[in-house]
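In what follows, a structure is listed as structure tokens, so that the remarks can point back to it.
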Amino acid sequence: MGLQIYDFVSFFFTILLDIFFREIRPRGAHKIPHQGPVIFVAAPHANQFVDPLVLMRECGRRVSFLAAKKSMDRPWIGAFARAMNAIPVERPQDLARAGAGRIKLLDRYAEPLRITGVGTKFTKELMVGDQISLPKDVGTSAVVEIISDTELIVKKEFKELKALELLTSADGSTYKCMPHMDQSNVYRTVFERLNAGHCVGIFPEGGSHDRAEMLPLKAGVTIMALGALAANPSLDLKIVCCGLNYFHPHRFRSRAVVEFSEPLTVPSELVEMYRKGGADKREACGKLLDTIYDTLKNVTLNAPDFETLMVIQAARRLYKPTHRKLQISQVVELNRRFVAGYLHFKDNPKVIETKDKVMHYNTQLRYHGLRDHQVNIRTTRRHALELLIARLVQMIFMSMLALPGTLMNLPVAIVARVISNKKAKEALAGSTVKIAGRDVLATWKLLVALGLMPVLYFSYSVIVFLVCGRYDISLTTRLLIAWAAWACIPFVTYASIRFGEVGVDIFKSIRPLFLSIIPGEENTINELRKSRAELQRTINGLINELAPEIYPDFDSKRILDPSPNDRPSRGASRSASGTNLAQTIFNTVNTAAQPINQWLGIDGRFEWERADDSDADDVFFFLNPAGAIQGRSRTSSWGTGAWTPSADGTRSRSRSRTSSFTSGQIQLGEGFKLEALTELPKDRPFAEVTRRLSLSRKQKYGLSDLTKAEVENGRAGFMQDGHFVSTPPITVQNMDDPMDAVKTKEA
């Protein structure tokens, strides 16, 4: 299939996402079918119009999303939505109008379905099948019978406490009339797209929100799937659930993980039940909806409230190995398992006590202005002073590089902030599910920037043209200079963003350095270290005790790592900066900034280049002597690198390693003990140890080449006088003595 306007628009929005987000990483994208009809079911809908753009960017298929007709009627949004083959859906709430008078529930026990009006006009404003909605969506019910202008019967009773308080009050409640919508045209369009082998995307929650958990799902997605299969039994339809996991979704240069589930196949028995109609049809839709909901829970993070989410993230940071970073897909999986464990054991006294301790630790960190990864930093006062001075110089230098672009784009930033905050307040006022209206912030920041930046850059070009008029320059040259300025400004802006990021990361590392040189603050930092160490032991012990009850494959000696296939099938994973995963590992700043960073002599001691305390920064990789990246899941015993009992009863591991870089992809999957992660000396890399041990053996035995059979059998040794002589294996435990022996011989 050739290029379409969809591809050009998608490419344009991909650039915008690359600028707005620091990194977007897919997980499980290889599971998406390359051909055939697919329904993408995405949740949570936490970023309004940005969510479909992120999903289209990572799924590798052309997707037609269902969009509210109200949104598609907007000039710019509608134009882009139609270019992306969006399917308009007219929602009842978009056509709701205020009803005359007020309504009451006179007898909630004897006649809970009978609604009485005061000054109402039910016969003129409502029809059977329409709905009445209470303020702030606290309750909605369909009309089944209109008795008079002041009396009607609804389909289901209002059970919510807030709804009952409104309806049973002395004055009654205001209400809205929502017309019944015939969505047959929408379903017909969806069926046509699926029968043609295309993809359809839907957010089954019905609207965007900024809550920490998913909202109840609407049944429309089940009607689409079952209806399409009932009409065309030979259709090979798959349902792929997509989890949109953001780290601060409304913030500029944040991170995100898009996780895809295994494709779901709709059981044929549900299709048969759907064909029968009536109660069987409703039951089939309910069962399929439950399956979709459970699958979405497996690819999303659902915390009961924001406070619990903060505690979960803090506990996860304490649980991971010290001075090691987790890949953002690992962070999402660990957070999900932590939430599941907390919800299962939240009434356990030990869990309650640990939660209180974690909250107290978080409070101490906020009071001292520190982040968790900065607590265990140990340095002398002199060294801290040297680092502080060096980083102040670096920060000033990076700030100077970021200043031109910052000043040029400051008007856009101010206007975008003002408008997005205003829109958030409007969205919050009209919803009962939003917490602060943060789900619309990123959308309006992008829209404002998209409209103002071209105008602003054109204005700068005009200014350059006018300034050039003061000199004896031809008109053609002045136009060329103005055009060159207009073309270069976007690159200056992006470079300023990247340099600014580095400067901000340096700034975040200054606080612990400053505390290290203040007399008397050492005791405070030491107390924090002790509290952290004690809390870390408590959490590790609690997890090791409780986790096996809900995760049978739990192994306390392993740390989670993604599978080799957690990459898009079309190639290596991209970060939002346009780099692949290998580049993301070794390049933490812009390519343009690397020579400067090397010249300044970056010290990784405080991890300032990735010092943001968001969960996305917990990324770590293990390199073996051959350069391969290693890692394993705490919660699994899969893979060839599993620890197995040896003949003497101890635990050993195969030495065979798989290269990490194969066809541009990183293979992850081998295991490390947690103790080894936290205790290995950093000044003795494996490659150097191996080299010196080999040198020692050569000097002692006179090493010659091994036979091919010996190597294949994994035996360590050498050939001497035609016979194979075994030598001790290289292990972490015997590492120090051979090193000392080598040093003695070299001396």
Which residues satisfy the side-chain hydrogen bond (donor to acceptor under 3.5 Å, both in side chains) test with [X], sequence neighbours excluded?
X      : value
Glu160 : none
Ser208 : Asp439
Asn526 : Arg529

For the [atom1] atom of [X] and the [atom2] atom of [Y], what is their distance to the nearest 0.5 Å?
X      : Y      : atom1 : atom2 : value
Phe40  : Cys242 : CZ    : SG    : 6.0 Å
Ile539 : Arg316 : CD1   : CZ    : 11.0 Å
Ile24  : Glu58  : CD1   : CD    : 6.0 Å
Phe338 : Arg317 : CZ    : CZ    : 11.0 Å

Handout entry: salt_bridge(Glu205, Arg211) N-O dist < 4.0 Å
Key = no
For residues 288-296, please give each side-chain donor-acceptor pair under 3.5 Å, one per line with the distance, not counting sequence neighbours.
| from | atom 1 | to | atom 2 | distance (Å) |
| --- | --- | --- | --- | --- |
| Thr291 | OG1 | Lys287 | O | 3.1 |
| Thr295 | OG1 | Thr291 | O | 2.8 |

Problem - Contacts of Lys357 that satisfy salt bridge (Lys or Arg N to Asp or Glu O under 4.0 Å) - sequence neighbours left out - result: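 Applying salt bridge (Lys or Arg N to Asp or Glu O under 4.0 Å) to Lys357 gives Glu353.
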Practice task
Kindly assign one of parallel, tilted or perpendicular to the pair Phe252 and Phe20, based on the angle between their ring planes and the thresholds 30° and 60°.
Solution key: perpendicular
Handout entry: NZ (Lys218) with more than 12 external heavy atoms under 6.0 Å
Key = no
Donor-acceptor pairs under 3.5 angstrom involving side-chain atoms of residues 343-352: please list them, not counting sequence neighbours.
| from | atom 1 | to | atom 2 | distance (Å) |
| --- | --- | --- | --- | --- |
| Asn348 | OD1 | Lys350 | N | 2.9 |
| Lys350 | NZ | Glu545 | OE1 | 3.3 |
| Lys350 | NZ | Glu545 | OE2 | 3.4 |

